[in-house]
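What follows is a single structure, written as structure tokens, with notes after it.
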Protein chains: 2
Amino acid sequence: MKVSREQVAENRRNILAAAARLFRERGFDAVTLDDVMNEANLTRGGFYGHFKSKSDLMAQACAFAMRPTEHEPQTLLDYCTAYLSKEHRDNRAEGCPVAALGSEAVRQSLETRHKLAEGTKRIIAHLSKSAPGRTASARRIAALASFSAILGGLVLARMVDDPALSDEVLAANCKALTNAADS
Amino acid sequence: MKVSREQVAENRRNILAAAARLFRERGFDAVTLDDVMNEANLTRGGFYGHFKSKSDLMAQACAFAMRPTEHEPQTLLDYCTAYLSKEHRDNRAEGCPVAALGSEAVRQSLETRHKLAEGTKRIIAHLSKSAPGRTASARRIAALASFSAILGGLVLARMVDDPALSDEVLAANCKALTNAADS
DNA sequence: TGTACATCAGTGAACGCGCGTTCACTGATGTAC
DNA sequence: TGTACATCAGTGAACGCGCGTTCACTGATGTAC
């Protein structure tokens with residue numbers, strides 16, 4: 001049955017939100033369109049009214065997941081501390097898409113990679129403002145290096161099967177950050 | 001037809017080597033057993049004589065890919081420089097499995113994660129020897145943080161669709177490393 | 001050392017399941033008068 | 001404002017393909033004598 005224009009827009013948002021959560025939690029390949037549509041309280045057939053293909057959904061969902069949030073930490077140090085928290089490590093579904101999907105995204109469509117890259121550029125530009133350094137160039141380098149460091153730290157902390165090592169990885173990265181800030 | 005014991009061992013090694021290459025290049029899900037067996041010059045049916053399942057192969061292939069190589073750089077700085085090179089970025093198939101498969105490995109079997117974690121522990125222990133710091137604990141923290149940093153840098157450099165940004169990410173991480181070494 | 005035969009690694013066809021995608025149909029929406 | 005009807009978002013069954021896994025068979029290996 002036809003639905004109102006508002007309902008159409010809300011359905012589309014629900015599909016995107018469900019896809020953004022599920023992709024981050026289970027990875028692109030392991031999530032089926034059925035999974036996404038069920039989570040959005042719709043049925044399979046309706047999908048193609050909203051998106052061209054699953055690959056199209058991946059790109060759109062990445063853009064959705066990368067959109068700025070209201071409570072985004074303002075300073076580089078706050079951002080890194082929150083990024084390296086156990087809460088973030090244990091909540092892939094709502095965390096950074098680059099950490100959740102980074103090594104898979106490499107093999108996805110250019111659109112998907114582009115959406116993730118755009119979001120990353122925005123974050124880097126934002127973090128550059130509060131990064132240490134006398135010149136803009138030095139601050140940008142610091143922001144790029146810091147983002148790389150916390151990204152790798154989070155990926156590693158999630159990957160290892162040993163909880164003690166996982167905690168140690170987070171702690172070591174936090175320590176290195178504050179050391180760098182002091183010097 | 002039956003083959004000699006030596007041939008059996010060589011076939012197994014060939015399957016592992018093919019899988020280790022293909023998984024890193026295309027990801028776990030996108031590689032089929034047909035792909036692997038063809039690359040090893042065997043046919044599909046023979047697979048189950050060597051491995052219990054595809055999931056078993058993933059774990060074994062990760063262990064294979066993580067085994068120490070002959071030309072492994074000795075010092076932390078050499079290791080990081082090689083890790084952040086464009087050659088490494090552009091050669092996923094023979095590069096670090098953690099960078100190639102890190103965010104996917106999170107969702108794979110405990111065996112797979114364990115093999116990757118074991119290899120990572122070995123590398124961390126190795127890098128700790130040449131890491132800066134007066135105490136063993138400080139050196140270990142430095143090694144963990146450095147490995148996280150180059151891992152994240154490589155994942156990011158591979159992910160972004162903009163070649164200039166990709167190069168910039170590698171360069172920024174190299175710069176940050178040498179800065180840290182100087183201080 | 002030579003021969004007979006049991007073993008078993010590898011073959012390739014077949015199976016069954018799941019997933020992306022398509023499509024005829026339904027019925028509420030929203031427009032034209 | 002009220003009514004008739006064309007539109008079209010969503011439904012759910014169906015399709016087809018690909019993949020992991022199984023299995024009866026083959027023929028070279030390697031052991032027993």
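So you know, we letter chains A, B, ... as the sequences are listed, proteins then strands, and number each from 1. The structure presented is a predicted model; accordingly, all values stated were derived computationally and were not measured. Heavy atoms only: backbone and side chains are in, while hydrogens, waters and symmetry mates are out.
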Next on the checklist: Please report the distance, rounded to the nearest Å, between CD in B/Glu10 and P in C/dA9.
Outcome noted: 16 Å
Checklist entry - Between D/dG20 atom P and B/Met37 atom CE, what is the distance in whole Å? => result 12 Å
Checklist entry - Which dot-bracket string fits DNA chain C when only Watson-Crick or G-U wobble pairs with both atom distances under 3.5 Å count, crossing pairs get [ ], and | stands for a partner on a different strand? => result .||||||||||||||||||||||||||||||||
Item to check | Atom pair distance, as rounded to whole Å: CG in B/Asn14 and P in C/dA9 | outcome: 16 Å
Checklist entry - How long is the line joining NE2 of A/His50 and C1' of C/dT21, in whole Å? => result 16 Å
Checklist outcome for this item: Of B/Phe47 and A/Thr43, the one whose nearest nucleotide on DNA chain D sits closer to the 5' end is A/Thr43
Next on the checklist: Just the rounded figure in Å: distance from C1' of D/dT11 to CG of A/Leu42.
Outcome noted: 10 Å
Checklist outcome for this item: Of all heavy-atom pairs linking A/Phe47 and A/Lys54, the shortest is CE2-N, 4.1 Å
Checklist outcome for this item: Of all heavy-atom pairs linking A/His88 and A/Tyr83, the shortest is ND1-O, 2.9 Å
Checklist outcome for this item: Protein heavy-atom contacts under 4.0 Å, written 5' to 3' over nucleotides 26-33 of chain C as B (base), S (sugar-phosphate only) or - (none), form the string BBBBSS--
Next on the checklist: Heavy atoms only, 4.0 Å cut-off, all strands: where does B/Tyr48 land among base, sugar-phosphate and nothing?
Outcome noted: base
For nucleotides 13-19 of chain D, print each protein N/O atom paired with a nucleotide N/O atom at under 3.5 Å, atom names and distance only.
| unit_1 | atom_1 | unit_2 | atom_2 | d |
| --- | --- | --- | --- | --- |
| D/dA14 | N6 | A/Arg44 | NH1 | 3.4 |

Checklist entry - What is the minimum heavy-atom distance between A/Arg92 and B/Val106, and which atoms define it? => result NH1-CG1, 2.9 Å
Checklist entry - Just checking, any donor-acceptor pair under 3.5 angstrom between side chains of A/Ser130 and A/Thr75? => result no
Checklist entry - Rounded to whole angstroms, how far apart are CG on B/Asn38 and P on C/dT11? => result 10 Å
Checklist entry - Are B/Leu84 and A/Ile141 connected in a single hydrophobic cluster, I mean Ile/Leu/Val/Met/Phe/Trp/Tyr linked by side-chain heavy atoms less than 4.5 Å apart? => result no
Checklist outcome for this item: To the nearest 0.5 Å, atom CZ of A/Phe147 lies from atom CD1 of A/Ile123 at 5.0 Å
Next on the checklist: What is the distance, to the nearest angstrom, from the NZ atom on A/Lys52 to the C1' atom on C/dG20?
Outcome noted: 15 Å
Checklist entry - What are the two closest heavy atoms between A/Thr112 and A/Ser55, and how far apart are they? => result OG1-O, 4.1 Å
Checklist entry - Going by atom types only, do B/Thr32 and B/Asp35 share a side-chain donor-acceptor pair under 3.5 Å? => result yes
Checklist entry - Just by modelled atom types, is the B/Ala20 backbone N or O under 3.5 Å from a matching donor or acceptor in the B/Arg24 side chain? => result yes
Checklist entry - Under 4.5 Å between side-chain heavy atoms, hopping through other hydrophobics if needed: is there a path connecting B/Val160 to A/Val155? => result yes
Checklist outcome for this item: Heavy-atom nearest pair, B/Ala105 first then B/Leu116, reads CB-CD1, 3.5 Å
Checklist entry - Rounded to the Å, how far apart are A/Asn41 CG and D/dG10 C1'? => result 13 Å
